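A quick note: this is a predicted structure, and the numbers were derived from the prediction, not measured. In what follows, chains are A, B, ... by sequence order, proteins preceding strands, each numbered from 1. Worth knowing before you read on, the calculation uses all heavy atoms, side chains too, and leaves out hydrogens, waters and symmetry mates.
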4 protein chains.
Amino acid sequence: MTSADQSTPTQPPAKRARRADAERNRAAIIEAAGVVFAERGGTVDVREIARRSGVGMGTLYRHFPTKDDLLATVLEREFTCWLTTAHQAAEATEDPWEALTGFFEQTLTHQARNRAMVESYAATGAPSRACAQYRDAFIDELRTRCLNAGLLRAGVTTADLVLLSTSLSQIVQATDDSHPGQWRRLLRISLDGLRARNTEPLPESGPEPESVRHVGASAND
Amino acid sequence: MTSADQSTPTQPPAKRARRADAERNRAAIIEAAGVVFAERGGTVDVREIARRSGVGMGTLYRHFPTKDDLLATVLEREFTCWLTTAHQAAEATEDPWEALTGFFEQTLTHQARNRAMVESYAATGAPSRACAQYRDAFIDELRTRCLNAGLLRAGVTTADLVLLSTSLSQIVQATDDSHPGQWRRLLRISLDGLRARNTEPLPESGPEPESVRHVGASAND
Amino acid sequence: MTSADQSTPTQPPAKRARRADAERNRAAIIEAAGVVFAERGGTVDVREIARRSGVGMGTLYRHFPTKDDLLATVLEREFTCWLTTAHQAAEATEDPWEALTGFFEQTLTHQARNRAMVESYAATGAPSRACAQYRDAFIDELRTRCLNAGLLRAGVTTADLVLLSTSLSQIVQATDDSHPGQWRRLLRISLDGLRARNTEPLPESGPEPESVRHVGASAND
Amino acid sequence: MTSADQSTPTQPPAKRARRADAERNRAAIIEAAGVVFAERGGTVDVREIARRSGVGMGTLYRHFPTKDDLLATVLEREFTCWLTTAHQAAEATEDPWEALTGFFEQTLTHQARNRAMVESYAATGAPSRACAQYRDAFIDELRTRCLNAGLLRAGVTTADLVLLSTSLSQIVQATDDSHPGQWRRLLRISLDGLRARNTEPLPESGPEPESVRHVGASAND
DNA sequence: TATGAATGAGTGTTCATTCAT
DNA sequence: TATGAATGAACACTCATTCAT
């Protein structure tokens with residue numbers, strides 16, 4: 001039941017055409033789904049996606065055996081794309097603290113409008129375990145840079161920063177229509193709480209239980 | 001199938017007969033709905049609630065003309081009950097800052113497991129406008145106390161604090177199963193950012209647009 | 001299952017009071033049901049009737065084991081009452097033709113506003129077999145008077161007149177709101193078709209089938 | 001459970017595949033709905049129609065977004081089909097009066113068994129405004145022909161004739177099972193009342209009120 | 001006996017997924 | 001392979017009737 005790849009090596013010319021077509025379809029679906037999921041969240045009717053993709057239901061389900069598979073694929077893509085951009089931006093920034101705050105700014109400005117994405121933060125922390133790892137690694141970089149520069153509060157973990165970003169994303173999602181820009185105040189407050197001048201130790205988080213969902217960084221420091 | 005009688009079997013066989021039984025049913029429904037909504041969110045099948053209440057569909061709909069009415073009732077109740085407790089706790093606390101942090105602690109410890117409640121935070125900020133006002137008033141009290149005591153950062157609004165509490169609730173909801181207690185670190189960070197020692201001015205939030213949902217306190221310097 | 005009459009001869013004073021109360025209730029129910037059925041037809045919620053009667057569902061169902069029983073009772077009453085009035089009016093009228101037309105006028109003016117009544121015409125021709133017989137007898141009287149006076153078309157049966165009255169009732173029901181008074185034109189047309197000057201014989205109606213509902217006069221003359 | 005294939009198995013395996021099958025399903029639904037609505041009226045369970053069509057609920061709702069849409073479609077179809085036939089029959093008839101009576105005959109013979117159709121007469125006069133207009137135009141033709149030939153009573157309006165036909169339909173519906181053919185007598189009586197030899201003027205109908213439902217022709221002397 | 005709360009099968013409708021073409 | 005029609009288990013809600021009090 002996974003994306004059918006049993007390679008029947010007949011009709012090589014048609015084959016290639018098919019492939020290209022299929023690829024184009026796949027792209028169209030992902031594109032449309034991205035828009036629709038972002039606008040209306042993960043509960044939209046699959047038909048809406050099929051319609052906007054210009055493909056039939058069968059084609060959609062050929063590429064993605066399940067609505068959830070499609071959603072996951074779309075989110076992973078967008079997540080990755082966004083992270084890559086963020087990564088580049090961070091590397092181009094001299095000042096570690098500026099890199100950190102820039103990351104938050106960019107995240108909240110661009111990602112937080114995506115309803116499905118924010119839903120996935122609330123549900124599992126990230127679209128997938130791989131996404132979570134990629135993000136955690138990146139955020140850990142930012143964290144380390146700040147820490148080494150003596151700018152970041154002692155004891156702040158990657159998990160803390162991840163959580164902060166998802167939390168602020170949800171705020172943006174909930175308030176940006178009615179109170180645009182208000183989230184910037186909370187971002188500022190949180191970042192100020194992260195500054196090295198805060199010397200009180202942070203509380204230990206409890207031990208991690210058995211069954212863990214891919215919620216991201218567990219504990220590093 | 002009759003109304004779960006595992007409670008106080010001490011009361012006399014009732015003088016105002018039906019009223020008592022009906023009230024018991026109503027209570028059973030609210031109780032069951034509370035549990036079910038908390039566990040599975042606002043989208044659960046009404047039948048599930050009926051089943052868990054030990055009543056038929058008709059009874060449920062006699063007491064609550066709509067699923068949404070039931071949900072609203074349940075949430076308002078829980079919200080109010082929680083706020084009352086929080087209010088009392090705050091009044092019993094000398095130190096203003098401790099009162100503020102205590103409020104956050106209690107909120108996140110007790111409310112945040114409730115899926116439907118957190119959904120309502122994400123959707124409209126509170127179960128109802130009345131709830132929002134009650135909460136805003138209370139939080140404003142906490143804020144003023146801290147401000148007067150010179151403990152709270154200048155420029156922090158009630159809306160900021162409301163937003164912080166709802167957003168941290170969502171975080172608790174999302175992470176407390178897998179990383180119990182981790183939210184306490186985020187709370188600490190945010191609270192430290194709220195301390196008076198942070199003297200940088202907070203950014204102005206943009207102008208409020210036309211149609212505002214009842215998302216809570218708007219702005220009160 | 002019929003209106004409980006098993007005479008337990010205990011407590012004679014209370015008994016009488018009960019009786020009176022019960023009778024009052026029964027009357028209230030019939031009264032309210034009459035109004036409600038007339039206004040909204042036979043499909044109204046029984047609760048509406050109970051509410052307007054000021055009695056509980058149990059009481060209602062004690063007096064009338066079924067919604068249909070209540071409907072039948074109400075309709076029979078109204079039907080009988082109406083027929084009695086019509087009877088008296090007819091007896092007070094010298095001219096046979098005037099008596100006949102007066103009957104139609106009165107019927108259409110007063111009965112045809114009753115939704116449930118007209119529904120019952122459409123369904124079974126009359127609220128009950130007894131009603132049908134009463135009406136048929138009365139109409140037959142009118143018919144005979146006209147016939148004897150040489151005013152009525154030869155061959156017109158009681159059944160014809162009955163059918164005409166139910167048909168015109170339905171017209172009133174359907175049009176009196178939007179085109180008040182239009183039914184009078186059709187009444188006039190039909191009555192003119194009933195005049196003795198129409199000498200063409202009427203078609204024979206086919207043989208009556210096995211299972212006959214109480215639709216009224218079968219064939220006379 | 002697949003679409004009842006007891007019909008023409010002669011057509012080639014279809015070139016425009018799905019369309020044909022879907023059309024067959026649509027037809028099956030309309031067919032089944034026609035039967036069921038005619039037998040049991042507009043209140044039948046949609047599931048019954050689905051069952052009798054041999055399709056699932058989803059298919060039914062794919063073709064008709066609402067039960068009412070289905071009902072409307074079915075009734076409009078039957079109404080139109082009947083009117084077309086009636087139209088042709090009328091055009092093929094020399095004698096204007098015969099055309100008029102033939103129309104009534106045909107109407108009452110074919111349409112009046114249809115419970116849903118007659119319900120729609122009682123409710124709004126016709127399945128739709130368009131249907132009503134078509135019918136009114138046609139009846140007006142018949143009326144004019146008769147009038148010009150000096151056969152129709154002066155002052156008879158199209159609305160009068162429309163009303164007569166719908167009301168007689170209801171009569172047929174109510175009595176044809178128990179007293180088949182009796183309606184023909186009533187029809188004859190009414191038609192005789194419509195003859196030109198009736199010279200008494202018809203009563204004016206009152207002024208038309210504000211909100212009129214599509215009950216058919218309004219007034220055309 | 002009167003009350004009105006409780007019952008639960010039934011209603012119109014939706015939507016993720018399958019499958020014939 | 002692409003299509004979109006078909007599926008049917010859910011869903012929220014109603015209402016004639018019963019039954020505990």
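The ring pair (Phe, Tyr, Trp, His ring centres under 6.0 Å) test applied to D/Y61 returns no partner, not counting sequence neighbours. Under the side-chain hydrogen bond (donor to acceptor under 3.5 Å, both in side chains) criterion, A/E119 pairs with no residue, sequence neighbours left out. Under the side chain to side chain contact (heavy atoms under 4.5 Å, CB included) criterion, D/A38 pairs with D/N114, not counting sequence neighbours. Under the side chain to side chain contact (heavy atoms under 4.5 Å, CB included) criterion, B/T73 pairs with B/R26, B/I30, B/F64, sequence neighbours left out. Not counting sequence neighbours, the partners of A/A50 by the side chain to side chain contact (heavy atoms under 4.5 Å, CB included) test are A/M57, A/L60.
In this structure, CD1 of D/I29 is placed 12 Å from C1' of F/dT7, rounded to the nearest angstrom. A/E23 places its CD atom 15 Å from the C1' atom of F/dA2, with the value rounded to the nearest Å. Rounded to an integer number of Å, the gap from D/H63 NE2 to F/dG4 C1' is 11 Å. If you take CZ of B/R24 and P of F/dA20, they are 14 Å apart, rounded to a whole angstrom. In this structure, D/K67 atom NZ and E/dT14 atom P are separated by 14 Å, rounded to whole Å. Atom P of nucleotide F/dA2 and atom CG of A/N25 are separated by 6 Å, given to the nearest angstrom. The separation between A/R62 atom CZ and E/dT21 atom P is 17 Å, rounded to whole Å. Atom P of nucleotide E/dT13 and atom CZ of D/F64 are separated by 13 Å, given to the nearest angstrom.
Applying the side chain to side chain donor-acceptor pair (under 3.5 Å) rule to pairs touching residues 37-49 of chain D yields D/E39-D/R52, D/E48-D/R51, D/E48-D/R52, sequence neighbours excluded.
Stem analysis of DNA chain F (at least three stacked-register Watson-Crick or G-U pairs, each with both distances under 3.5 Å) gives E:2-21 with F:2-21.
For the segment residues 45-59 of chain C, residues with any heavy atom less than 4.0 angstrom from an atom of DNA chain E are, sorted by number, C/R47, C/V55, C/G56, C/M57, C/G58, C/T59. Contacts of residues 30-41 of chain A with DNA chain E (heavy atom under 4.0 Å): none.
Of all non-hydrogen atoms in A/A122 and B/A174, the two that sit nearest each other are O-CB, 3.1 Å. Nearest heavy atoms, C/H63 versus C/A22: CE1-O, 3.4 Å.
Mapping C/L60 and D/T66 onto DNA chain E via the closest heavy atom, the residue that lands nearer the 5' end is C/L60.
Using a 4.5 Å heavy-atom cutoff, the side chains of C/L75 and C/F37 are not in contact. Within the 4.5 Å cutoff, the side chain of D/M117 has heavy atoms near those of the D/F79 side chain.
Considering only the side chain of A/Y61, E/dT18 comes nearest among E/dA2, F/dC13, E/dT18.
Looking only at distances, a side-chain donor or acceptor of D/S128 sits under 3.5 Å from a matching main-chain atom of D/C131.
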